[in-house]
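Just so you know, ligand 1 is whichever comes first in the structure, and atom 1 is the first atom listed for that ligand. Just so it is clear, the structure is predicted and the values come from calculations on it, not from any experiment.
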Amino acid sequence: MTDPQQVLAQRVRLGLAAAFGPEHADDDPVIRPSQFADYQANVALPLGKRLGRPPREIAAELSHHLDVADLCLEPQISGPGFINLTLRDDWIAARASALLDEQRLGAQAPDDLAAGGSPQPGQPEKIVVDYSGPNVAKELHVGHLRATVVGDAVVRVLEHLGYQVIRAAHLGDWGTPFGMLIEHALEIGEQSTREQFNSGEFTGFYQAARAKFDADPAFAERSRQRVVSLQAGDEESLQVWRMLVGESMKYLRRLYDRLIITLTDADMDPESFYNPMLADVCDELESSGVATISDGALCAFPPGFTGRDGRPLPIILRKSNGGYGYSTTDVAAIRYRIRDLGARRIIYVVGSEQVLHLAMLFATARQAGWLTDEISAEHATIGLVTGPDGQRLKTRSGEQVKLSTLVEEAVERAEKVIADRYDNDAERHQIAEAVGIGALKYADLSVARDSSYALDFDRMLALTGNTGPYLQYATARIRSIFHKAELDPGNATAPILITEDAERAVALRLLGFAAVVRQVADTAEPHRLCGYLFDLASAFTTFYEKCPVLQADSSAVRNSRLALSALTLRVLLTGLGLLGVPVPDRM
Ligand code: ARG
C-alpha cells in the first residue's frame, strides 16, 4: 500500500483502538487533504460528540496513541480537534522509489500491506460492462459518444486491476422496425443497400424506410407481415436481416477502431441472442410469482414503482398478442449474465433517460433472486452532450449530430492547431488524429459522467487546462528531456530524493495513483482519473520550472530528478492508456 491516505487511515484506526478500545478499530478516521499539513484526521469531532467529550481532548488522547513516527512528523492538533499530519520526506522518497520497480503501475492491491502482500485467492471476479448501446441500421450519434467512451475507460481500468471483464454492447438488432428495413432493402436491392452502409452514412436508409412506411399503407402492411415472417424464421427475411446486421457491424468496427474503443465483433452481444431464452424467462417469473397476467399481458410489478395515478408500474414481459419487447430482452440478459456467465457485478453505462427502465429491471431481478447481496447491478448514468445553449446537441435540421461528424471535426481542427509545427504531411496527419480523437474523448471523460456538458471544440483542443492535448503535451515534454539526455526513461531507476518542495509535490501525487484507479473501478467514474492526471501534470510543470534536471548540482540529484520524470511519464502514459486516450510520440 503506497497511498498515504490509506496508510494513514489504517494507522489512525489502530490508534483509535489503542486509545478508546477495540470497538473503534473500524471507525472512519476521516482523513482529508489539508491546507496546513499534507492530511488531517478529523475523527475527533464525531467521536467527541459520540462520547460526550471535548474533541480536542479526544484528539490529544488519540495522537498520544498514534504510531506514525516512521512516516510522519510529530502530529499537531489544531482548531476544534483536527490532527494535522505531515509526511516525512524520506518516507515519500522511499515509497516513490519503490514504485519504479512496479510492473503494473496503479494496480497494487489496496491492502497488500495488511494482507502481507498475498494476492486474492481463487478466480478473478467477473464483471459485465454493458456499454455503447449501438443499434443496427442506425449510425452512432452524439448520444452514444459518452456511453461508448466512458464504458471503454471503465473496462480498461477493471482489466488493469485484474478483473475478468465481459464487454457487452447489447446491439439492438431486433424489433418491429426490422419489418420496414427489410422491405426497403428488398425494394432497393442488395447492392444499393450495401453501398449505402459502406459509405458510412446510412441515416438516409432508415429515413427512407420510415417515410415509405408512413406514406404508403401497402408498404406498411408488407412491413408488418415481414416482422411476423422474420420472427417465424423465414429464410429470405433472415438473409436480408443478416445482411443489415453484418453491414452495420462493419460500420461499427470502423468507427470503434478509429475511436480506439476495445469492443470487438464478439462483444456485440445482440438482442436477438436472447430470443431463445425469452419464453423460459417469462415462465420462470410467472411460476415464481414475480410476474402476473394483467389485461392479457404478462407483467412484473417491482415494488416501489408507481405511476402518477398511484398504481403500480408494470414491466411488460409478454404483450397480450404474445410479442416480446426491449424489457423482456433486458430481463433475459441480466439472468443470462448472472446465471450463465457468472457475473458478480454488472455495470450498465447507459443514458440517464433509461433510469426508470433499468431501476425496474434491477428490482425485478432482485425479486427473482438473481441479484443478491453478493451479485450487484448498477446504472452508470450518462448525462447529455449539449450545444452552447445547454440543449441537446442537434444539427440545423434538428437531428442528432452524428458521432462520425464530431470525430471528423475534432481531427480537422486539431490539424489546424498543430499545422505550423509539422512540415511533413504524413506526420502531421498522424499527430492530428491522436490529438483530435484524444481531445474529444478526454473532454467527455473529464466531466462527471452523470452531468451534462456543452461540446466546445476550442476548449477541448486547448493546450492549457484539464484537456487531452495538455496531457499529451506533458508526456511529449518529458520525453524530450530524455531525448536531450540521450537516455531511455526505462533506465532512469535511481533512488528518488527529495530536496525541494516541488519534487515533494510530484512524488506525493505519484503515490496516489493506485488509489484513484481503485476509485474509478469502484464508482465507474473515469473523471476522477482525469482530475488526478491533470493535477499530476500541473505539479510536474511547476517542478520542471523550478528544478533543473539535466543541469542539477550533483549527479545524485540529477539522477533522482530523471527518475522522478520517468515515473511521472509512466504514470501519465498508464493513466491515459486506461482512459483510452491516444498519445503521440512527439507533439
Ligand atoms: N440500444 C439501446 C438504445 O439505443 C441501448 C442499450 C443499452 N443496454 C441495455 N442493456 N439496455 O437505447
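- Between Phe202 and Phe197, the ring planes are parallel. Angles under 30° get that label, and only those over 60° would be called perpendicular.
- Each of Glu125, Glu374, Glu378 was compared with Arg345 under the side-chain hydrogen bond (donor to acceptor under 3.5 Å, both in side chains) criterion, and only Glu378 meets it.
- When the options Arg258, Lys402, Arg413 are evaluated for a salt bridge (Lys or Arg N to Asp or Glu O under 4.0 Å) with Glu408, the one that passes is Arg258.
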Pairs under 3.5 Å, N/O atoms on ligand 1 and on the protein: can you put them in a table with the distances?
unit_1, atom_1, unit_2, atom_2, d
ligand 1, 1 (N), Gly133, O, 3.3
ligand 1, 1 (N), Asn135, OD1, 2.9
ligand 1, 4 (O), Asn135, ND2, 2.8
ligand 1, 8 (N), Asp130, OD1, 3.1
ligand 1, 10 (N), Asp130, OD2, 2.8
ligand 1, 10 (N), Asp330, OD1, 2.8
ligand 1, 11 (N), Tyr326, OH, 2.7
ligand 1, 11 (N), Asp330, OD1, 3.4
ligand 1, 11 (N), Asp330, OD2, 2.8
ligand 1, 12 (O), Gln354, NE2, 2.9

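- When atom types are taken as modelled, the side chain of Asn198 and the backbone of Arg194 share a donor-acceptor pair closer than 3.5 angstrom.
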side-chain hydrogen bond (donor to acceptor under 3.5 Å, both in side chains) between Trp241 and Glu236: does it pass, once the steps are laid out? CA-CA 9 Å; Trp241 171 75; Glu236 186 201 34; over 6 Å; no
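- Comment: Arg146 does not engage Asp450 in a salt bridge, judged by the lack of any side-chain N to carboxylate O separation of less than 4.0 angstrom.
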